[in-house]
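Here is the structure we will look at.
Since we're looking at a predicted model, the values are computed, not measured. FYI, the numbering just counts along the sequence from 1.
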Amino acid sequence: MHVYSVFVLLSAIGTCTALFGSNSNVVPELEKGWEHVTAGSTIKLSHVKSNARLMMPQVSYGTGSQQQAITAHLDAAATKGLWRVEVKESLRGQPVLCGSQIRLINSDTDHGLHSHSAHKSPISSNQEVSGYDGRDTGDLWTVECSQEKWMRETPVVFKHVDTSKYLLSLPNKKFGQPISGHQEVCAGKNADSNAQWMALEGYYFSRRLNEAK
């Protein structure tokens, strides 16, 4: 019988206040067995350059696809920044291998992180990234990292499978009302510092085999 363990790290919304003071930037060392991002986990992704979290603020674009906007914002407590990691043919709790194709599904809306070459992002005119309520190949992203497995708190980049563009956030490109202060998220050709993301807070599953009869 397979038994699943779950580790909750949601310091940003106060559920681990014993570990994190409200003004503390200290992150405790990862416990052995919980170092990896795993299939089925629900996580927050931090943009390394700006420390803003990837979000779906539930506002539609006024141009382009007019699908749900995807942004990055410094409000680490917002639940709109929780994303479920889906990996085809992987069991829940299995570490995600570098080079895997994944979907990131927003836990509030069940929309997938999506991109397409047909539409430009509204501020920088890069490739649009949106929240899409269906499922197709536009939701697939390849995790590129330097280790064998996707490590938490370690920079990775996400390459869009259909278009070979990288998931970016641009700290100097910000929206006005009704999502004032949110950074644009888009897709671009370069895997530079704007394309680096880290898995931080979240609900992390670990899979182990129960040998009891």
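The line from CD1 of I179 to CD of Q177 is 9.5 Å long, rounded to the nearest 0.5 Å. Once rounded to the nearest 0.5 Å, the distance linking CD of Q147 with CG of L97 reads 12.0 Å. Rounding to the nearest 0.5 angstrom, the gap separating the CH2 atom in W83 from the CE atom in M55 is 10.5 Å. S41 contributes atom OG, which lies 9.0 Å from atom CZ of R92 (distance to the nearest 0.5 angstrom). We find the CD-OG distance between Q94 and S100 to be 10.0 Å, quoted to the nearest 0.5 Å. One distance of note links CD1 of I43 with CH2 of W150; it measures 4.0 Å at 0.5 Å rounding.
At distances below 3.5 Å, not a single donor-acceptor pair connects side-chain atoms of K120 with backbone N or O atoms of T63. With hydrogens and angles ignored, the 3.5 Å screen pairs no side-chain donor or acceptor of E184 with any backbone N or O of T71. The backbone N or O of A39 sits nowhere less than 3.5 Å from a side-chain atom of S90 that would complete a donor-acceptor pair. Looking only at distances, a side-chain donor or acceptor of Y61 sits under 3.5 Å from a matching main-chain atom of V129. In terms of modelled atom types and a separation under 3.5 Å, the side chain of H111 and the main chain of Y132 share no donor-acceptor contact. Checking side-chain atoms of K44 against main-chain N and O of A76 turns up a donor-acceptor pair under 3.5 Å. Judged purely by atom type and a 3.5 angstrom limit, N106 uses its side chain to pair as donor or acceptor with the backbone of D108.
For the residue pair S130 / Q68, no side-chain donor-acceptor distance below 3.5 Å is found, with atom types taken as modelled. Checked by atom type, the side-chain pair D139/H114 shows a donor-acceptor distance below 3.5 Å. Residues N51 and S46 have side chains that bring a donor and an acceptor to within less than 3.5 angstrom of each other. Inspection of the E128 and S115 side chains reveals no N or O donor paired with an N or O acceptor under 3.5 Å. Side chain to side chain, S60 and Q66 fail the donor-acceptor criterion of an N or O pair below 3.5 Å.
Grouping the Ile, Leu, Val, Met, Phe, Trp and Tyr side chains by contacts below 4.5 angstrom, directly or via other members, places V37 with L167. Note on L168: it does not cluster hydrophobically with I102, by side-chain heavy-atom contacts below 4.5 Å among ILVMFWY residues. I70 and F158 fall within a single hydrophobic cluster, where Ile, Leu, Val, Met, Phe, Trp and Tyr are joined by side-chain heavy atoms under 4.5 Å apart, directly or via other members. No continuous path of ILVMFWY side-chain contacts below 4.5 Å connects V143 to M151, so the two sit in separate hydrophobic clusters.
When side chains are defined from C-beta on, W34 counts as touching R152, because their heavy atoms get closer than 4.5 Å. Between P171 and N194, some side-chain heavy-atom pair lies under the 4.5 Å cut-off. Here the side chains of D110 and R84 are in contact, with some heavy-atom distance below 4.5 Å. At a threshold of 4.5 Å between non-hydrogen side-chain atoms, the residues K173 and Q183 do not count as touching. Taking the side chain as every heavy atom from C-beta outward, P57 and H73 never approach each other to under 4.5 Å. A 4.5 Å side-chain heavy-atom check between H160 and H116 finds every atom pair outside the cut-off. Side chains of W197 and V48 form no contact here, defined as non-hydrogen atoms less than 4.5 Å apart. Looking only at side-chain heavy atoms (C-beta outward), L104 and L45 come within less than 4.5 Å of each other.
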Quick one: do L54 and V185 satisfy side-chain contact (heavy atoms from CB on, under 4.5 Å)? Show the steps, please. CA-CA 8 Å; L54 184 71; V185 170; 4.0 Å; yes
Run V85 and T42 through side-chain contact (heavy atoms from CB on, under 4.5 Å) and show every step you take. CA-CA 6 Å; V85 181; T42 300; over 6 Å; no
Let's go through H47 and Q196 carefully: what are the C-alpha distance in whole Å and the side-chain angles of both, what is the deciding distance for side-chain contact (heavy atoms from CB on, under 4.5 Å) to 0.1 Å, and is it a yes or a no? CA-CA 6 Å; H47 186 240; Q196 294 184 350; over 6 Å; no
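Between L170 and C186 the shortest heavy-atom distance is CD1-SG, 3.9 Å. W141 and L113 make their closest contact through NE1-O, 2.9 Å (heavy atoms, listed as atom of the first residue, atom of the second, distance). Considering all non-hydrogen atoms of both residues, C145 and V156 come closest at CB-CG1, 3.6 Å. Pairing each heavy atom of Y204 with each of H36, the nearest pair is CD2-O, 4.0 Å. Nearest heavy-atom pair, L74 versus S50, reported as atom, atom and distance to 0.1 Å: CD2-O, 3.3 Å. When all heavy atoms of M198 and P155 are compared, the closest pair comes out as CG-N, 3.6 Å.
Within a 6.0 Å sphere centred on CD of E148, other residues, nucleotides and ligands contribute 12 heavy atoms or fewer.
The side chain to side chain contact (heavy atoms under 4.5 Å, CB included) test with L140 is passed by exactly one of K88, R103, R135: R103.
Salt-bridge check for R53 with E201: passed, with a basic side-chain N closer than 4.0 Å to an acidic carboxylate O.
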